[in-house]
Amino acid sequence: MEKVLPGLAMLAVVAVVFVLIWIGWRGRLRRQSGIEQLPAVPEVLGEPLISADGQYVASTTAGDWLDRIAVHGLGIRTNAELSIHPEGVLLDRSGARPLFIPAASLAGVRQDSGMAGKFVEKDGLLILSWTLGTHALDTGFRTRRAADKPAVLQQLQEMISPGPQAGAHSGK
C-alpha cells in the first residue's frame with residue numbers, strides 16, 4: 001500500500017500534464033484557424049530537379065522560430081522526402097499530408113541551427129521562407145545526409161532568384 005499511493009499520485013500528475021498539453025494544442029489550433037488551406041499538389045509535376053531524404057521539422061510564423069503552426073498538420077515533425085520541381089517544392093511527409101510550396105510563393109531560403117524544438121549543428125537546417133495566402137511562414141527541413149544539403153540549397157536559391165541569394169547563411 002505504501003508504494004501504491006505514490007504511484008497513483010505520479011499517474012495523476014502525468015495525466016494532468018498531458019491534459020494541459022492537449023488543451024494548449026487545441027487553443028493553438030483555434031487561434032490559427034484563419035490560416036488558409038495548403039495548396040494542392042499539382043496533378044502533373046515536372047521531373048524533380050533534385051531530391052533528398054530527411055526530416056520535416058515544422059512550419060512557424062516567419063521570423064518567429066518558436067511560433068509553431070499547428071493547423072493543417074504543419075506542426076508535426078516527420079520523416080520526409082524533399083523534391084524540387086519546376087512548379088515548386090514538394091515535401092512528401094510520412095504519416096502526414098504532402099506539403100507543396102509553389103515556386104511563386106517562395107520568398108527565401110537560408111541555413112540555420114534550429115527552430116521549434118529542433119536544434120542541430122550550425123547551419124544544419126534548411127529554412128524555406130514562403131507565403132500561404134496572407135501569412136508568411138518558415139518551414140524547416142534537415143537532410144538525412146549532410147552531403148545532400150549544398151546541392152538542395154543551391155537549387156532552391158536558383159528557383160527563388162537567378163543569382164546566389166544574399167544572406168544564405170544565418171545563425172542564432
Side-chain angles (χ1 to χ4, degrees), residues 21 24-25 28 31-32 35-36 38-39 41-42 45-172:
I21 290 171
W25 193 257
R28 181 176 292 272
R31 286 189 308 275
Q32 295 174 349
I35 294 178
E36 293 82 354
L38 296 175
V41 177
L45 277 175
E47 286 296 314
L49 304 171
I50 193 168
S51 63
D53 287 328
Q55 184 180 57
Y56 167 83
V57 175
S59 291
T60 63
T61 300
D64 187 351
W65 55 277
L66 288 175
D67 187 23
R68 185 186 305 250
I69 303 297
V71 294
H72 313 309
L74 292 176
I76 300 168
R77 184 177 307 148
T78 182
N79 289 328
E81 179 185 20
L82 179 143
S83 56
I84 302 172
H85 302 264
E87 299 83 2
V89 177
L90 177 63
L91 287 150
D92 191 11
R93 303 179 297 161
S94 298
R97 186 173 148 202
L99 171 59
F100 179 73
I101 304 172
S105 297
L106 286 168
V109 62
R110 70 181 189 279
Q111 298 179 83
D112 218 326
S113 60
M115 74 182 304
K118 176 74 171 181
F119 292 91
V120 296
E121 75 280 358
K122 183 178 189 287
D123 296 338
L125 294 178
L126 289 172
I127 310 293
L128 288 77
S129 297
W130 60 291
T131 55
L132 177 59
T134 59
H135 295 85
L137 304 177
D138 286 339
T139 295
F141 181 78
R142 178 171 171 79
T143 58
R144 186 152 334 278
R145 291 170 295 283
D148 293 343
K149 189 172 46 144
V152 171
L153 176 63
Q154 180 179 350
Q155 190 66 55
L156 286 166
Q157 288 172 334
E158 289 173 7
M159 177 174 275
I160 294 166
S161 65
Q165 183 177 346
H169 294 281
S170 169
K172 284 200 178 21

*Asks:* State, to 0.1 Å, how close Phe141 and Asp53 come at their nearest heavy-atom pair, and which atoms those are.
*Replies:*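 Here Phe141 and Asp53 meet closest at CZ-C, 3.9 Å.
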*Asks:* Any donor-acceptor pair under 3.5 Å linking the side chain of Glu87 with the backbone of Gly46?
*Replies:*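 Yes, because the side chain of Glu87 sits within donor-acceptor range (under 3.5 Å) of the backbone of Gly46.
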*Asks:* Verify, without hydrogens or angle tests, whether Gln55 (side chain) and Arg77 (backbone) share a donor-acceptor contact under 3.5 angstrom.
*Replies:*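 No: the side chain of Gln55 does not pair with the backbone of Arg77.
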*Asks:* To check you understand the geometry: which heavy-atom pair defines the closest contact between Leu99 and Ser59, and what is its length?
*Replies:*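 What the structure gives for the nearest pair is CD2-OG, 4.5 Å.
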*Asks:* Please determine if Glu121 and Arg142 form a salt bridge, counting it only when a charged side-chain N lies under 4.0 Å from a carboxylate O.
*Replies:*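 Yes, charged N to carboxylate O under 4.0 Å.
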*Asks:* Just grab all the side-chain hydrogen bond (donor to acceptor under 3.5 Å, both in side chains) pairs involving residues 90-99, residues at least two apart or on different chains.
*Replies:*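 Residue pairs passing side-chain hydrogen bond (donor to acceptor under 3.5 Å, both in side chains), neighbours aside: none found.
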*Asks:* Could you check Leu156, Leu91, Leu137 and say which one makes a side chain to side chain contact (heavy atoms under 4.5 Å, CB included) with Leu128?
*Replies:*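 Among Leu156, Leu91, Leu137, the one meeting side chain to side chain contact (heavy atoms under 4.5 Å, CB included) with Leu128 is Leu156.
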*Asks:* Any heavy-atom pair between the side chains of Tyr56 and Thr139 that's under 4.5 Å?
*Replies:*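 Yes, side chains in contact.
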*Asks:* Which heavy atom in Val41 sits nearest to a heavy atom in Pro98, and how many Å separate them?
*Replies:*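 Closest approach of Val41 to Pro98, heavy atoms only: CG2-CB, 4.1 Å.
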*Asks:* Less than 4.5 Å apart, any side-chain heavy atom of Leu126 and any of Gln111?
*Replies:*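 Side chain of Leu126 against side chain of Gln111, heavy atoms only: contact under 4.5 Å found.
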*Asks:* So, do His135 and Thr61 sit near enough that their side-chain heavy atoms are less than 4.5 Å apart?
*Replies:*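 SC-SC contact between His135 and Thr61 ruled out.
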*Asks:* At their closest point, which heavy atom of Ile84 faces which heavy atom of Val152, and how far apart are they?
*Replies:*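 The pair with the smallest heavy-atom distance is CD1-O, 3.9 Å.
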*Asks:* Quick check against the 3.5 Å criterion: does His72 have a side-chain atom that pairs as donor or acceptor with the backbone of Glu36?
*Replies:*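 Here the side-chain-to-backbone pair exists.
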*Asks:* Ignoring hydrogens, what is the shortest heavy-atom contact between Asp138 and Ala62? Give both atom names and the distance.
*Replies:*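 That would be OD2-CA, 3.5 Å.
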*Asks:* Which heavy atom of Met159 sits nearest to which heavy atom of Leu106, and what is that distance?
*Replies:*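 Looking at all heavy atoms of both residues, the closest pair is SD-CD1, 3.6 Å.
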*Asks:* Contact between Leu66 and Thr60 at the side-chain level, heavy atoms closer than 4.5 Å - yes or no?
*Replies:*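 When only atoms from C-beta onward are counted, Thr60 and Leu66 do not touch, as no gap falls below 4.5 Å.
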*Asks:* Got a sec, which residues hit side-chain hydrogen bond (donor to acceptor under 3.5 Å, both in side chains) with Asp148, two or more places apart in sequence or on another chain?
*Replies:*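 Arg145.
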*Asks:* Considering only NZ, NE, NH1 and NH2 on the basic side and carboxylate oxygens on the acidic side, decide whether Asp123 and Lys149 come within less than 4.0 Å.
*Replies:*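 No salt bridge links Asp123 with Lys149.
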*Asks:* Using a 4.5 Å cut-off on heavy atoms from C-beta on, say whether the side chain of Leu132 contacts that of Ser105.
*Replies:*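 No, every pair of side-chain atoms sits at 4.5 Å or beyond.
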